[in-house]
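Throughout, protein chains are lettered first and strands after them, A, B, ... in sequence-line order, and every chain is numbered starting at 1.
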Amino acid sequence: MISEDFAFLNEKQREAVMATEGPLLILAGAGSGKTTVLINRIANLLKYGKSSDTELMPEDASEEDIIIMNKGGEEARKCASYLPVAPWRILAITFTNKAADELKNRLVSSLGDKANDIWACTFHSACVRILRRDAERLGFESSFTIYDANDSVSLIKQILKQLNLDDKTFPPKSVLSEISRAKDSKITAKTYSERASIIRDIRKIRIGEIYTRYSEELFRSNAMDFDDLLLYTVKLFEDNPDVLEYWQNRFEYVLIDEYQDTNRLQYNFARLISGKFNNLCVVGDDDQSIYKFRGADIENILTFEDNYSNCRTIRLEQNYRSTSHILDAANNVIRNNIGRKGKELWTDKEAGEPLELYSADNENDEARFVASTIISDIDRGASFKDHAVLYRMNAQSNALEYAFKRNGIPYRVFGGTKFFERAEIKDVISYLCVVASPSDDLRLQRIINVPARGIGRSSLDKAVKAASDEGLTLFEVLKNSDKYPELSRASYRMREFTAMIESLRDSVKTQRLDEFLDTLLEKTGYLKMYEQSGSPEDESRVENIKELKSNIINYMAEAEEPSLPGFLADVALYTDLDSYNEDNDCVVMMTMHSAKGLEFPTVFIVGAEESIFPSIRSIGDPDEMEEERRLCYVAITRAKNKLYITAAKQRMLFGRTTNNKISRFVDEIPDEHIVRKNVTRGYSYSDKAWDRNYSYEPDYSEPTSGRPIIKTGPVKSTYRITPQKPQASKPVPDFKTGDRVKHRAFGEGVISKMTPMGGDYLIEIDFGGTVKKLMLKAAVNFMGKL
DNA sequence: CGCACCACAATTTTT
DNA sequence: TTGTGGTGCG
């Protein structure tokens with residue numbers, strides 16, 4: 001029996017692994033072993049083909065085979081096995097590069113090298129591969145470049161200027177999301193404009209003009225934005241039956257992960273590419289659909305069974321991640337949603353500890369609670385990386401970062417400014433793009449005057465106008481700028497610039513990619529610009545550029561045929577979370593959205609207040625509220641062993657003080673699963689503050705031995721430069737050099753040095769050999785005088 | 001053309 | 001409160 005091969009799976013999982021034929025919907029609850037199922041399903045296909053899911057005799061069975069099969073037994077089973085599916089006939093789609101890499105790695109490690117031929121990639125990279133082959137059919141060159149969100153915004157801004165439209169009335173980002181929504185419904189710029197004029201919607205008419213121009217510009221630049229990758233792939237399929245047939249024949253089995261996050265284009269893509277064999281397996285969780293604002297359409301998963309009438313549905317409800325207190329909390333919250341398939345997670349794990357609600361006085365108190373709780377966990381032998389702090393908005397990370405930084409808690413913030421969105425990285429990438437693609441006007445404009453080359457906005461605008469008037473690329477105009485009287489002033493410098501780019505285009509042909517990067521950085525004077533100043537920001541920029549170089553080296557090692565366009569395509573689809581490295585022993589801080597798919601022993605959900613979570617924008621809209629509740633469900637189910645929820649009675653946000661009620665989601669958790677520690681406490685910075693503030697946790701003063709050694713100093717974060725903010729002018733607690741103190745995390749020590757710093761003191765404490773540097777005002781919350 | 005200063009707005013963001 | 005982007009001046 002094939003099922004013996006998958007005896008380690010639970011019944012439902014096994015069922016999902018063996019149901020290889022036809023459309024299949026796997027509703028996989030959080031932590032239900034979804035990836036395991038995906039991997040084993042592919043393993044099953046590679047090993048047994050469709051055998052586990054059919055009673056038909058293999059078409060190629062010989063008479064002899066049939067005789068053996070009729071006898072039954074082991075020999076018969078081998079015989080009855082349909083030919084294994086060739087790895088290259090399997091397409092497995094995920095949403096993130098990280099998930100794709102993970103899938104691929106796990107496939108290779110359990111199935112061997114042949115798994116490398118499986119297409120395990122994101123929607124977007126699958127589309128890129130498909131488009132590279134046939135982009136000419138759409139009028140694009142196959143070397144088309146990919147515009148990221150920022151590139152798109154810049155282009156829209158430029159167009160607004162050209163059309164003399166006000167960016168207050170037409171905020172680039174909302175225009176873009178309007179365009180994106182149109183593309184999602186396959187509405188072309190032309191159709192959009194026509195519809196706008198029929199309904200005489202003046203605003204839509206304008207947006208139609210922008211859309212038209214935007215599409216033209218992209219086309220002219222031989223570029224596609226993220227939506228285009230899908231849109232044009234679908235269009236390519238629809239307009240070219242032979243192309244569609246080619247891919248349909250190739251992919252006998254299609255798997256799609258995180259199906260609840262697909263948009264309509266992705267639905268179209270999936271339907272088309274799996275159209276021949278109809279072996280489409282989608283895996284997802286309607287309760288974890290949290291990306292509506294990005295176009296994800298929960299209806300895709302809710303109506304899958306209607307769209308595929310012969311579809312089978314399998315629910316994976318056994319959870320292997322969390323304790324039952326946590327699961328029950330999650331179940332009770334999500335139960336309040338109406339638009340869902342309905343699932344109830346269960347576990348045979350122990351009940352564990354109930355959740356804890358801490359109602360803080362304000363955001364600093366909240367942060368301190370989190371910090372002190374983490375430190376006492378560390379006392380008990382836990383690692384920092386076992387802890388995650390999840391919030392609704394990135395802006396909430398500030399108070400937490402303070403508390404962590406001042407107490408030597410290493411942390412890492414995800415989100416915010418991403419590596420590939422940093423100015424210096426985008427600049428260098430832009431240089432590379434300009435070298436690779438002569439028609440990339442947008443990126444050319446970005447870097448032409450970085451470092452300063454005396455080619456300013458006004459001259460550049462004239463050149464842009466000339467280019468658009470004559471239908472030439474900007475580069476061509478710049479190269480021949482001596483022919484344009486209006487460009488005479490900057491002409492020399494422009495031609496100097498184009499000559500430099502052209503010489504770089506020569507170098508790229510002969511040099512290795514990493515060497516070429518060095519050449520580029522040198523010839524353009526880009527690196528020099530940052531190396532001279534010596535300011536810490538610039539140093540970190542140089543570091544980041546080095547980091548980019550290691551990216552290139554990585555790429556060269558992995559790619560079959562490394563090339564500059566190849567690298568750029570990779571980079572365009574690469575984001576930060578992809579490089580989340582759990583080896584670093586850091587507390588992880590991120591939004592609840594970013595946390596999807598991750599798990600941590602201890603989780604803090606902070607800011608559980610009405611109008612923060614649920615967000616103020618969703619209050620009053622039932623659909624939005626359900627989405628927030630799903631987000632809550634996602635957040636709760638990240639926790640394996642312990643979940644803390646915190647709310648602040650008063651919170652300073654965006655310079656305003658607000659008083660919010662505790663989140664309705666907390667009320668939805670039954671009392672038996674949550675301990676509500678609504679201790680109203682005084683708030684003071686006196687030297688006894690420590691006693692008072694933390695008296696709610698009676699076992700705190702127990703000294704613990706065997707505490708792991710904590711690395712000193714803040715951990716370098718590649719992801720964000722956290723500026724040192726000035727201290728508020730609060731009274732400085734009464735400590736002096738030579739005082740003996742006891743710190744909750746670091747034990748007993750002596751203050752060896754105190755340096756006044758911004759209304760506070762930087763204190764150095766010698767904990768029996770290890771010297772820790774702390775900010776006094778914050779440290780006082782974690783230590784007392786002996 | 002570059003820099004400084006001021007006004008303004010700030011959910012969430014896999015590609 | 002924070003960061004960013006636009007404007008105006010040197």
Side-chain angles (χ1 to χ4, degrees), chain A residues 93-100 121-128 146-150 152-153 157 161 167-168 171-173 176-177 180 224-230 257-258 260-263 265-266 288 290-296 363 390-399 414-418 420-421 423 449-460 489-490 493 569-578 580 590-598 607 611-619 624 627-628 630-631 634-635 651-657 721-723 725-726 728:
Chain A
I93 301 246
T94 60
F95 268 83
T96 64
N97 295 304
K98 186 176 180 249
C121 55
T122 63
F123 271 108
H124 296 265
S125 59
C127 289
V128 171
I146 300 163
Y147 275 16
D148 70 14
N150 293 306
S152 301
V153 169
K157 279 186 184 161
K161 234 192 251 166
D167 59 2
K168 296 272 187 321
K173 267 192 271 155
L176 265 171
S177 67
S180 176
M224 298 190 194
D225 67 14
F226 288 140
D227 296 317
D228 289 340
L229 295 176
L230 276 147
D257 194 11
E258 305 282 13
Q260 76 283 348
D261 291 335
T262 47
N263 62 28
L265 278 177
Q266 287 159 342
Q288 291 189 68
I290 53 173
Y291 283 109
K292 185 186 169 194
F293 68 94
R294 280 188 79 231
E363 74 274 14
L390 309 182
Y391 34 78
R392 180 66 237 266
M393 292 176 288
N394 287 121
Q396 286 171 259
S397 73
N398 262 311
F414 288 85
T417 313
K418 293 170 179 166
F420 285 100
E421 281 169 21
N449 209 26
V450 186
R453 297 192 176 89
I455 305 169
R457 194 67 250 175
S458 54
S459 324
L460 195 55
R489 262 181 69 193
R493 290 177 293 242
D570 259 30
V571 156
L573 298 176
Y574 197 88
T575 59
D576 230 30
L577 207 64
D578 298 337
Y580 168 47
M590 59 174 78
T591 64
M592 299 177 202
H593 281 89
S594 313
K596 206 182 76 171
L598 305 176
S611 76
I612 291 193
F613 184 44
S615 135
I616 186 128
R617 333 245 311 203
S618 58
I619 291 173
E624 292 290 323
E627 177 117 337
E628 294 283 305
R630 290 192 288 270
L631 184 57
V634 168
R651 177 182 300 273
M652 173 96 104
L653 198 60
F654 304 137
R656 280 236 141 30
T657 305
I721 304 158
T722 316
K725 299 171 203 171

At a cut-off of 3.5 Å, list every protein nitrogen or oxygen paired with a nitrogen or oxygen from nucleotides 8-10 of chain C, distance to 0.1 Å.
none

Quiz item: Syn or anti: how is B/dT11 classified when any glycosidic angle within 90° of 0 counts as syn?
Solution: syn
Practice problem: Classify the nucleic acid contact of A/Gln266 as base, sugar-phosphate or nothing, counting any heavy atom under 4.0 Å across all strands shown. | Solution: nothing
Practice problem: Check whether any side-chain nitrogen or oxygen of A/Ser594 sits under 4.0 Å from OP1 or OP2 of B/dT13, and answer yes or no. | Solution: yes
Practice problem: Check whether any side-chain N or O of A/Asn394 sits under 4.0 Å from OP1 or OP2 of C/dT2, and answer yes or no. | Solution: no
Practice problem: For nucleotides C/dG6 and B/dT11, find the distance between their C1' atoms and express it as a whole number of Å. | Solution: 25 Å
Quiz prompt | Results of side-chain contact (heavy atoms from CB on, under 4.5 Å) for A/Ser611 - residues two or more places apart only | solution = A/Ile616, A/Ile619, A/Asn660
Exercise. Could you pull out all residues at least two apart from A/Asn263 that satisfy side-chain contact (heavy atoms from CB on, under 4.5 Å)?
Key: A/Asp184, A/Leu265, A/Gln266
Exercise. Could you tell me how the ring of A/His593 sits relative to the ring of A/Tyr291: parallel (under 30°), tilted (30 to 60°) or perpendicular (over 60°)?
Key: tilted
Quiz item: Contact class for A/Tyr291 (heavy atom, under 4.0 Å): base, sugar-phosphate, or nothing?
Solution: base
Quiz item: What is the minimum heavy-atom distance between A/Ala99 and A/Thr94, and which atoms define it?
Solution: CB-CB, 3.9 Å
Quiz prompt | Short side-chain N/O contact from A/Thr591 to OP1 or OP2 of B/dT11, under 4.0 Å | solution = no
Quiz prompt | Minimum-distance nucleotide (side-chain atoms of A/Phe293 versus B/dT11, B/dT13, C/dG6) | solution = B/dT13
Quiz prompt | All salt bridge (charged side-chain N to carboxylate O under 4.0 Å, His left out) counterparts of A/Arg392, not counting sequence neighbours | solution = A/Glu628
Quiz prompt | A/Asp148: partners by salt bridge (charged side-chain N to carboxylate O under 4.0 Å, His left out), with sequence neighbours left out | solution = A/Lys426
Quiz item: NA contact type, A/Ser459, heavy-atom cut-off 4.0 Å: base, sugar-phosphate, or nothing?
Solution: sugar-phosphate
Exercise. Using the P atom as the reference point in each nucleotide, state the distance between B/dT12 and C/dG5 in Å, no decimals.
Key: 16 Å
Close N/O contacts between protein and nucleotides 2-9 of chain B (under 3.5 Å):
{"from": "B/dG2", "atom 1": "OP1", "to": "A/Asn449", "atom 2": "ND2", "distance (Å)": "3.4"}
{"from": "B/dG2", "atom 1": "OP2", "to": "A/Asn449", "atom 2": "ND2", "distance (Å)": "3.3"}

Quiz item: Reckon A/Ser458 has a side-chain N or O less than 4.0 Å from the OP1 or OP2 of B/dC1?
Solution: yes
